[in-house]
Structures are given as structure tokens and as C-alpha cells.
Amino acid sequence: MRRILSAAAVALTAALALSACGGGSDPLTTATTSAAPATSGGMAAKVVVGSFNFPESVLLASIYAQALQAKGVTVEEKPNIGSREVVYDQVKSGGLTILPEYIGSLNAFVDKSTTAKTKDEILANLKAKLPPELEVLDPAAAEDNNSLTVTKDTATKNNLATIEDLAKVSKGFVVGGPPEFKERQEANFKSVYGLEFKQWKPTADTTADAIKSGTIQVGNVFTTDPKIVLNDLVPLKDTKNAFGAENVAPLVYKSGANDTVTSTLNAISAKLDTATLVSLMKRIAVDKDDPPVVAKDWLTQNGLL
């Protein structure tokens, strides 16, 4: 599943090795703490914000942390901890209060037999399956999901806006993606959208470049990959949820999140969309800006600091 740690995430992590890892110190013991406690209903709030070990998660955690600090909440940051298998248990135990999550991958993690695909289905299942200590707050419009992506020229020439539109031309197209892409998705695409491709190529981390060069006509690119912007690519809309929703949402340890924390995090989700997340990740992966700087800029521009 996405968000365990994809190859694309590994590549982006390398770009941030110095800035996100704190010089190689243990993220479970290294923290950054703000100075002032918040009060909500007369109670002081102190939260611990963690992240997975890839740059986008580090960025989202910094957005959460800085916005909460601006509200007077005492925030301890533990970035770049590890995979979901490690980090989830930290939230469940209360060692972490807040974690930026991806609802589809979280749902699959807590319910191995889930068939939920839409945002509403996934959120309903999470509400039923998450342990009572945990809660998913409002999801953002922003998703970091799988996509079938084409060049702008291909989209224009073939009048493509959705994956469903692709069915009329797919038999003449070569499709690329990770080595396991065909095995995982061929039957799914055919049953959901009636897609049949001329050829499947294992393009792995070069997929976006292969689309741009014309080596393939359509490829599996994650929706916040900066190469979508850099190469002027067009992710086709998944109107029938073949991939399932992967909206960004805060996972919280309920007893550690008061009204100030909840309302602040929900305000962030209300303003964060996929196009914005793509542009923020470009600054990190391509321009080499530090995640806290990118986070502060976005929060300031949106009146959240």
C-alpha cells in the first residue's frame, strides 16, 4: 500500500536527508518544543506531533505543529520516525498525539479485509474499526494517491479528463508503472473502467519522465509527485474510485487533543488541496527548501499563523 514507503518517497527522502533527519539523531528521542501552553476550557494543552519517514509527512507534521504553536499550544515535534507499523502504535499508546495520515492506507492497515473505496466509505469504516483511543479529524481535499497520468498534449488530442475517457484509446497506449503494477491493477482497470492496454512496461521511478518522453503514453504517478508540475502532466480523474481515496487527515490520540487542537487542525484541512501539496513538495524536492520554511510560508499565506 501507499504510505508504507514507496520508491518515490525514498527518492524524495534522499533529497531531505540532512534537513529532515536532524543529522541522524533518533527521532523518538529528539524533539523541538514550543514555549507557551494553550488553554481550552481552562485546561493546558501539550501535544506531540510525529511523522512518517518521508518528506511529505515531515512537511505536513510541520504545518500542524506551527499552526498549533501559533494558537499557544505547547508542541513537541518528533519527525521522520519510520513506517506506519512503528508510528501507528506510538499514536495508539499516546506517545504521539497527532500524526498526518492518508485515510485509504490507514483504513487498509487497521482493516485488512476492507472493501471501502470512497472517502465517505473509508471514514465510516475507520470510525468503526479504529480503537477508542484514536480519531481521524476532518480530511483535507488534498490526496497523495495513485493516478493514471498523461501529457497535456495527449489529454487535449484525445479529449481525456477522466480514466473513463481513456477506455476509448487505451488499446493503442503503452502504460507504465512499478514492476508490480500490471499484476495489481490489470484486472481492476478492466472491471472498473473496461481498460485494455497495448503493452505494460515496468518504468518504476522513471514513469513521469517516460510519459514526457513518449516512451509510454500513460503511467502510474503519485498525485503529489513534483514531476507532474515540472513535466506539465495531467492526472486523469478516478471518477469510479478504482484506486480508492487517500485524503490527508490528522490521526489523533483523543484524550490529548482539546478543542483548540481539533479546531486548528480542521482549519488546516479546510484549506489544503492536492494542487497546493504538489507545489509545496516541489519546493522541497526540487528547490531544496526546508520543510519548516515551506510550512510557515503556506500557513502565513492562508492566515493560519
Side-chain angles (χ1 to χ4, degrees), residues 2 6-16 54-56 59-60 102 140-178 181 185 189 193 195 197-243 245-248 271-289 291 293-295 297-298 301-302:
R2 177 69 167 146
S6 70
V10 172
L12 289 178
T13 301
L16 278 172
F54 58 90
E56 185 175 285
L59 168 68
L60 291 166
Y102 302 83
E143 291 190 74
D144 188 355
N145 206 337
N146 290 279
S147 76
L148 285 179
T149 292
V150 298
T151 64
K152 186 173 288 187
D153 184 56
T154 297
T156 301
K157 285 182 178 179
N158 296 281
N159 196 27
L160 304 178
T162 71
I163 297 178
E164 190 170 12
D165 296 334
L166 195 59
K168 61 193 175 188
V169 294
S170 62
K171 288 183 179 180
F173 280 7
V174 178
V175 62
F181 186 53
Q185 299 293 351
F189 290 156
Y193 285 114
L195 300 183
F197 292 102
K198 177 182 177 181
Q199 184 183 355
W200 295 70
K201 282 191 175 182
T203 48
D205 290 342
T206 68
T207 301
D209 296 323
I211 296 169
K212 183 180 180 182
S213 71
T215 304
I216 59 177
Q217 286 73 55
V218 58
N220 176 222
V221 182
F222 292 114
T223 53
T224 60
D225 188 331
K227 287 186 177 179
I228 289 176
V229 174
L230 294 175
N231 294 345
D232 205 19
L233 304 180
V234 179
L236 302 176
K237 293 179 182 177
D238 183 12
T239 54
K240 296 184 179 180
N241 297 295
F243 289 120
E246 286 285 9
N247 300 75
V248 173
K271 291 180 178 288
L272 189 63
D273 59 23
T274 302
T276 297
L277 195 50
V278 171
S279 66
L280 297 179
M281 287 309 301
K282 175 186 174 295
R283 286 188 58 187
I284 293 170
V286 179
D287 302 335
K288 311 302 183 187
D289 291 340
V293 173
V294 176
D297 288 349
W298 182 79
Q301 291 163 9
N302 285 274

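Because the structure is a prediction, the values reported are computed rather than measured. Count residues from 1 along the sequence.
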Main chain of [Y], side chain of [X]: is a donor-acceptor contact present, judged purely on distance under 3.5 Å?
X	Y	answer
Asp225	Ile228	no
Thr223	Glu143	yes
Asn220	Gly176	no
Thr207	Val221	no

request  = Report yes or no: do Thr206 and Asp209 form a side-chain donor-acceptor pair below 3.5 Å?
outcome  = no
Short side-chain donor-acceptor distance under 3.5 Å, Thr156 and Asp153 = no
query = Where do Lys168 and Leu160 land on the side-chain contact (heavy atoms from CB on, under 4.5 Å) test, with the steps shown first?
reply = CA-CA 10 Å; Lys168 61 193 175 188; Leu160 304 178; 4.2 Å; yes
ask   = Would one find more than 12 heavy atoms of other residues, nucleotides or ligands at under 6.0 Å from atom NZ of Lys157?
value = no
Rounded to the nearest 0.5 Å, how far does [atom2] of [Y] lie from [atom1] of [X]?
X	Y	atom1	atom2	result
Asn145	Phe222	CG	CZ	8.5 Å
Leu166	Phe197	CG	CZ	5.0 Å
Trp298	Thr276	CH2	OG1	7.0 Å
Thr215	Lys201	OG1	NZ	6.0 Å
Asp165	Asn159	CG	CG	6.5 Å
Leu59	Arg283	CG	CZ	9.5 Å

query = Can you check side-chain contact (heavy atoms from CB on, under 4.5 Å) on Tyr193 and Leu236, steps first, answer last?
reply = CA-CA 13 Å; Tyr193 285 114; Leu236 302 176; over 6 Å; no
Determine the minimum heavy-atom distance between [X] and [Y], stating which atoms define it.
X	Y	value
Ala208	Asn231	O-ND2, 3.6 Å
Ser147	Thr149	OG-OG1, 2.6 Å
Thr154	Gln217	CG2-O, 4.5 Å
Ser170	Leu195	OG-CA, 4.0 Å
Lys198	Lys171	CB-O, 3.2 Å
Gln185	Trp200	C-CH2, 4.3 Å

message = Testing Val234, Thr203, Ile216 one by one against Ile211 for a side-chain contact (heavy atoms from CB on, under 4.5 Å), which residue passes?
response = Ile216
ask   = Does Leu60 reach the side chain of Glu56, with side-chain heavy atoms less than 4.5 Å apart?
value = yes
key: Validation row: Tyr102, Asn247 side chains within 4.5 angstrom (heavy atoms)   = no
key: Stepwise side-chain contact (heavy atoms from CB on, under 4.5 Å) test for Leu272 and Asn302   = CA-CA 10 Å; Leu272 189 63; Asn302 285 274; over 6 Å; no
message = With side-chain contact (heavy atoms from CB on, under 4.5 Å) as the criterion, how do Asp238 and Asn146 come out once you've worked through the C-alpha distance, each side chain's angles and the decisive distance to 0.1 Å?
response = CA-CA 9 Å; Asp238 183 12; Asn146 290 279; over 6 Å; no
ask   = Which of these, Lys152, Lys227, Lys212, sits in a side chain to side chain donor-acceptor pair (under 3.5 Å) with Asp232?
value = Lys152
inquiry  = Tell me every residue that passes ring pair (Phe, Tyr, Trp, His ring centres under 6.0 Å) with Phe243, counting only those two or more places apart in sequence or in another chain.
reply    = Phe189
